[in-house]
Protein chains: 2
Amino acid sequence: MKSDIYLNLRQTKGRDKILDILQKEPVPVDVVHIISHLENEKVNLNQATVYRILEAFSKNGIIKRFEFLEGKFRYEVDKGDHHHFICQICNLVEDISDCNIKEWEEELEKEKGFLVKNHSLEFFGVCQKCQS
Amino acid sequence: MKSDIYLNLRQTKGRDKILDILQKEPVPVDVVHIISHLENEKVNLNQATVYRILEAFSKNGIIKRFEFLEGKFRYEVDKGDHHHFICQICNLVEDISDCNIKEWEEELEKEKGFLVKNHSLEFFGVCQKCQS
DNA sequence: TTAGGTGCAAATGATTTGCAATAAT
DNA sequence: ATTATTGCAAATCATTTGCACCTAA
């Protein structure tokens with residue numbers, strides 16, 4: 001059915017399907033994951049196309065790109081500002097909402113039993129020089 | 001001269017040189033940057049070796065790996081917990097110390113004139129299940 | 001109809017690997 | 001002497017690109 005989420009993008013079977021897959025994922029997934037999902041469901045989509053769709057979705061704010069120190073990107077439908085806890089052993093990924101790092105780490109340890117070894121935080125934006 | 005920073009690692013010319021380069025860098029740099037530095041100084045080090053040295057340093061806590069949503073790693077001598085601001089336009093990287101995200105973003109905007117578009121924060125550690 | 005989307009095959013960029021030769025302890 | 005480290009060349013993994021064809025609007 002017709003969706004208005006695509007903004008100025010055209011609606012195609014491939015896009016519908018990838019969006020569908022991502023909407024069902026509780027955590028960011030990589031391209032291999034998406035492609036194997038597509039194969040399971042007998043959806044034929046070239047991998048170059050998959051990358052192009054993900055790029056288009058990212059640029060239009062439909063999804064967000066993440067990096068988990070794995071040397072590759074992960075993608076997730078944009079659920080607003082939140083973060084993740086990644087288990088360095090089993091690769092469990094769990095959503096973290098709210099914001100206050102030191103407190104967080106303590107809470108994560110107390111409430112979830114996570115042993116937080118480190119975290120990565122980067123800001124992205126435009127510096128003063130580039131705003132003019 | 002002999003250095004004790006290497007712990008159980010052997011001290012080699014290549015390691016000394018890479019450590020030297022990283023110690024002089026104010027921000028995390030990528031492998032291309034390191035290799036071109038080596039070339040400038042006529043230091044011959046195979047790129048596979050460079051990667052292996054960086055891996056050894058990382059595993060021994062001498063340096064830290066970062067990702068700036070570029071699809072590659074950056075490396076920095078371990079200066080303890082801190083973060084970075086990356087300009088999406090000119091790729092300026094500036095250190096951020098202290099911790100409190102929302103406040104930070106406002107401070108960054110007020111004090112540095114940075115326009116913060118988004119930030120990435122991930123925690124890494126060991127989940128409860130994996131601790132036992 | 002026509003600009004935007006896709007497939008295919010090949011290229012690129014980052015990182016890793018096997019194995020033999022070499023150097024640090 | 002022993003074992004870690006390095007060089008080399010090739011492999012692998014993630015992602016991108018050019019170009020001709022196709023399709024949603």
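In the text below, chain A, chain B and the rest are named by the order of the sequence lines, each starting its count at 1.
Atom P of nucleotide dT3(D) and atom CG of N8(B) are separated by 16 Å, given to the nearest angstrom. Between Y6(B) atom OH and dA4(D) atom P the separation is 18 Å, expressed in whole Å. Summarising the geometry, the separation between CZ on R65(B) and C1' on dA14(C) is reported as 11 Å, rounded to the nearest angstrom. One interatomic measurement links the two molecules: CG of D16(A) to C1' of dG5(C), which rounds to 13 Å at whole-angstrom precision. Atom CD1 in I35(B) sits roughly 11 Å away from atom C1' in dT15(C) (whole-Å rounding). Rounded to an integer number of Å, the gap from L54(B) CG to dA14(C) C1' is 12 Å. Between the CG atom of L7(A) and the P atom of dG4(C) there is a distance of 15 Å, rounded to whole Å.
Looking at residues 66-73 of chain B, you'll see that no heavy atom sits under 4.0 Å from any atom of DNA chain D.
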- Query: Where along nucleotides 17-25 of chain C does protein come under 4.0 Å, by heavy atom, of base (B) or sugar-phosphate alone (S), with - for untouched nucleotides?
  - Reply: BB-----BS
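More than 12 heavy atoms of other residues, nucleotides or ligands sit less than 6.0 Å from atom NZ of K79(A). With a 6.0 Å radius and a threshold of 12 heavy atoms from other residues, nucleotides or ligands, N44(A) has its CG atom at or below the threshold.
Seen from the ring of F73(A), R65(A) counts as a face-on cation partner, given the 6.0 Å and 45° thresholds.
Residue contacts for N44(A): at a heavy-atom cut-off of 4.0 Å it reaches the sugar-phosphate backbone alone, with no base atom in range.
Between E105(A) and K102(A) there is no salt bridge, since no side-chain N of the basic residue sits under 4.0 Å from a carboxylate O of the acidic one.
Mapping I53(B) and R74(A) onto DNA chain D by nearest heavy atom places I53(B) at the nucleotide closer to the 5' end.
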- From CA spacing to verdict: side-chain contact (heavy atoms from CB on, under 4.5 Å), F123(B), I86(A): CA-CA 6 Å; F123(B) 294 97; I86(A) 299 101; over 6 Å; no
- Task: Check the pair I35(A) / Q47(A) against side-chain contact (heavy atoms from CB on, under 4.5 Å), numbers first and verdict last.
- Result: CA-CA 7 Å; I35(A) 289 178; Q47(A) 74 160 21; 3.6 Å; yes
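Nearest nucleotide to the side chain of V32(A), out of dA14(D), dT6(C), dT6(D): dA14(D).
Using a 4.0 Å cut-off, no side-chain N or O of Y51(B) falls inside it from OP1 or OP2 of dT16(C).
Residues I5(B) and I21(B) share a hydrophobic cluster, clusters being chains of Ile/Leu/Val/Met/Phe/Trp/Tyr side chains in contact below 4.5 Å.
For dT15(D), its base sits under 3.5 Å from the side chain of Q47(A) at one donor and acceptor pair at least.
The aromatic rings of F85(B) and F114(B) lie parallel to each other, with less than 30° between the two planes, well short of the 60° mark.
In summary, the aromatic rings of F68(B) and H84(B) are positioned with their centroids under 6.0 Å apart.
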